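Convention: sequence-line order gives letters A, B, ...; per-chain numbering from 1. If you're wondering where the values come from, they're calculated on a predicted model, not measured in any experiment. Any value given below was found using the heavy atoms of this structure, including those in side chains, with hydrogens, waters and symmetry copies removed.
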Amino acid sequence: GQNIDQPTEMTATEGAIVQINCTYQTSGFNGLFWYQQHAGEAPTFLSYNVLDGLEEKGRFSSFLSRSKGYSYLLLKELQMKDSASYLCAVSSGYSTLTFGKGTMLLVSP
Amino acid sequence: SAVISQKPSRDICQRGTSLTIQCQVDSQVTMMFWYRQQPGQSLTLIATANQGSEATYESGFVIDKFPISRPNLTFSTLTVSNMSPEDSSIYLCSVEDQGLGYEQYFGPGTRLTVT
């Protein structure tokens, strides 16, 4: 079966750094995705990891350890507009994505 | 990335009726998907819309309840049939970009309320 775990909620302060963790157990693995979803909007693609290590893209970085079934999304220099739900999703087969329940991040002034 | 539109953006329907949701993409794509996102929940894949053949449904979803059409490479419809309040949800279509890591891009969603 497929199981993806991430914290339900996190809070952080504007300008700070926050790390959102995701652990997964899936029957196959073709890559891990992070999406951002603002309330009432569709998810938008943030990052993709298929090999171990860190992928950096501006203020956002994503890390993957396949042996540990673990990923994190790192957000630096937090801004108020970063308040959103962050979804971890695993591709375990051709074109099949399984989503975690999402982590609601609240950034306060 | 592809630009995806959905119609309607929202609707309020009576139980027992059906609603067809349209998804239009501005470029030809091979893979199109339909998801459901119930209140406070994450996304659940309903089915993969295959061009020229029947859709492939995930466990727990059946064609009689969620018939899907895919007449060409830029368009798909999802019908929610014989609706009940439990079908109240956001329905999203997505397309796959095979250029990078097969990431999926989502349409704006259709917010359905069944009374």
Seminar exercise, completed: The reported gap from CD in E41(A) to CG in L92(B) (rounded to nearest 0.5 angstrom) is 11.5 Å
For this session: Please say whether more than 12 non-hydrogen atoms of neighbouring residues, nucleotides or ligands are located less than 6.0 Å from CD1 in I12(B).
Result: no
For this session: May I ask you to check whether over 12 heavy atoms, not counting those of R59(A), lie within 6.0 Å of atom CZ?
Result: yes
Problem set entry | Whether over 12 other heavy atoms sit under 6.0 Å from Q19(A) CD | yes
Seminar exercise, completed: In this structure, CD of Q104(B) is separated from CZ of F99(A) (nearest 0.5 Å) by 6.0 Å
Problem set entry | Pairwise side-chain contact, L97(A) with S94(B), heavy-atom cut-off 4.5 Å (strictly under) | no
For this session: Please confirm whether the backbone N or O of Y105(B) pairs with a side-chain atom of Y35(A), one donor and one acceptor, at under 3.5 Å?
Result: no
Problem set entry | Enclosure of K65(B) NZ (heavy-atom neighbours >12, cutoff 6.0 Å) | yes
Problem set entry | Over all atoms of both residues, closest heavy-atom pair of A42(A) and G107(B) | CB-O, 2.8 Å
Problem set entry | Residue E14(A) excluded, over 12 heavy atoms near CD under 6.0 Å | yes
Problem set entry | Side-chain (S42(B)) to main-chain (G100(A)) donor-acceptor, under 3.5 angstrom | yes
